[in-house]
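All of these numbers come straight from a predicted model, not from anything done at the bench. Just the heavy atoms: all of them, side chains too, but no hydrogens, waters or symmetry mates, feed the values below.
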Amino acid sequence: MTVTPNTPVTITVPAVRYWDESEAREVTQDAPITLSFPHTGLYWLWDGFTHQPHRQVTVYSPEYRTPDWIKGGVCYHIFVDRFASGVRSIPRPEFTPEWTDDKIGLDRCGGTLDGVRSNLDYLAELGVTCLYLSPIFEASSAHKYNTADYERVDPEFGDLEAFKMLCADAKALGIRVILDGVFSHCGSDSEYYRRHPGWFVYEPDGVTPKYWWGIESLPVFDKHNVKYIEYITGEGGIAERWLEAGASGWRLDVADELPDAFLDPLCRRIKAKDPDALIIGEVWEDASNKIAYGVRRRYFLGGQLDGTMNYPL
């Protein structure tokens, strides 16, 4: 159940106790009751007889608005390298790498942004209303989750003009484009790892960087570092810059690893730039009551995410 603060809600149970994490208040009654929840947050209702959880109530900010254009739409995910080259080539009959390497993630199929653009009519015929692209920024792999430079489209995929043309042509067909924001980690060969060592988290020795899940090509950003937060979420920063280029929102990679100190200003910047921009988080569990790294997350209370990827489904 999801409600707004101070909106009366009738709950029909034999008896109920309810409490929230900030006040731990209790009320017990033996008949159908009407409750009003005073502030945003999570509440739990308990059966007064069996003392078992009855339901969760998520109380969200009434001022926060999610984009109407995504509701009831069809979102299509494109792994850019594997989709299509610059000419119409869908469906691809088989996996035929154009070149290979002995390292995972370096084999290429030659997909480009122009390849996506040349297939927009096909996607529109399917009823697609939103394209979610895998990372497009410069990186040494085919998947691009090891970002080297957030400011530049990977040359293998095209350039800034190719992206702008894709977004413009898609919009003409009623299709929006959202980008994959990989802001928890980057590539060990990145611009940032060389120029801004203070933006990263280190092992106790103070020298060895922490790597994302132990993968030594993926050093982890310090998402509490004020300068890094400003680089991504500040005025003219990465989040805003790509909205200006034509993107209609962001899908946030490993959103659990982006703390409130990062997500709050990111959401404010995106919504200030475009109130209709979409913010989707990668959250693998129930995002309405998720605890990540010891912190109860506020994804759905307003001011962070418009929705999450439904991995439980």
Given side chains that start at C-beta, do those of [X] and [Y] come closer than 4.5 Å, heavy atoms only?
X    : Y    : answer
D256 : V283 : yes
L131 : V116 : yes
F300 : L42  : no
E191 : E151 : no
D264 : R298 : yes
L301 : T58  : yes
H196 : Y231 : no
D253 : H185 : yes

Query raised in the report: Any salt bridge (charged side-chain N to carboxylate O under 4.0 Å, His left out) pairs touching residues 221-236, not counting sequence neighbours?
Result: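 Every pair satisfying salt bridge (charged side-chain N to carboxylate O under 4.0 Å, His left out) with a residue in residues 221-236: there are none.
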Report task. Output every pair passing salt bridge (charged side-chain N to carboxylate O under 4.0 Å, His left out) with a member in residues 61-73, not counting sequence neighbours, ordered by first then second residue. Result ->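 Found R65-D276, D68-K71.
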Can you name the side-chain contact (heavy atoms from CB on, under 4.5 Å) partners of [X], sequence neighbours left out?
X    : result
T112 : D114
S188 : S217, P219
A239 : W250, L266, I270

Query raised in the report: Other than V207, which residues form its hydrophobic cluster under the rule that side-chain heavy atoms must be closer than 4.5 Å?
Result: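 Reading the cluster by chain and number, V207 sits alone, since nothing else belongs.
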Query raised in the report: Got a sec, which hydrophobics cluster with Y145, joining ILVMFWY side chains under 4.5 Å apart, including via others?
Result: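 Same cluster as Y145: W69, I70, Y132, I178, V182, L278, I280, W284, M309, Y311.
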Which pair of non-hydrogen atoms, one from [X] and one from [Y], has the smallest distance, and what is that distance?
X    : Y    : answer
I279 : Q304 : CG2-O, 3.7 Å
S288 : Q56  : OG-NE2, 3.1 Å
S134 : D180 : C-CB, 4.0 Å
K144 : A139 : NZ-O, 3.1 Å
L263 : A255 : CD1-O, 4.4 Å
L243 : G249 : CD2-N, 3.7 Å

**Report entry** All ring pair (Phe, Tyr, Trp, His ring centres under 6.0 Å) counterparts of F221, not counting sequence neighbours
**Finding:**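 Per chain and number, F221 pairs via ring pair (Phe, Tyr, Trp, His ring centres under 6.0 Å) with F200, Y228.
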Report task. Check ring pair (Phe, Tyr, Trp, His ring centres under 6.0 Å) between Y150 and all other residues, then give those that pass, not counting sequence neighbours. Result ->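 Result, ring pair (Phe, Tyr, Trp, His ring centres under 6.0 Å) vs Y150: F183, Y192.
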Without placing hydrogens or testing angles, list every side-chain donor-acceptor pair under 3.5 Å for residues 159-173, not counting sequence neighbours.
from : atom 1 : to   : atom 2 : distance (Å)
D159 : OD1    : E161 : N      : 3.2
D159 : OD1    : A162 : N      : 2.8
D169 : OD2    : R117 : NH1    : 3.1

Requested in this report: List for me each residue that meets salt bridge (charged side-chain N to carboxylate O under 4.0 Å, His left out) alongside E138, sequence neighbours excluded, and say none if there are none.
Outcome: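 Expected list: R152.
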Requested in this report: Can you sort out the partners of R269 under salt bridge (charged side-chain N to carboxylate O under 4.0 Å, His left out), two or more places apart, ordered by chain and number?
Outcome: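 Counting only residues at least two positions away or on another chain, R269 forms a salt bridge (charged side-chain N to carboxylate O under 4.0 Å, His left out) with E240.
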Query raised in the report: Under a single-linkage definition using a 4.5 Å side-chain heavy-atom cutoff for Ile, Leu, Val, Met, Phe, Trp and Tyr, are V201 and Y211 assigned to the same hydrophobic cluster?
Result: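 Different hydrophobic clusters.
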Query raised in the report: Is it true that a side-chain atom of R82 and a backbone atom of G111 form a donor plus acceptor pair closer than 3.5 Å?
Result: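 No; zero donor-acceptor contacts below 3.5 Å.
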Report task. Calculate, to the nearest 0.5 Å, the distance between atoms CD1 and CG belonging to I78 and N119 respectively. Result ->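 Taking CD1 in I78 and CG in N119, the distance rounds to 8.0 Å.
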Requested in this report: Look at atom CD of E216 and say whether more than 12 heavy atoms of other residues, nucleotides or ligands are closer to it than 6.0 Å.
Outcome: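 Open.
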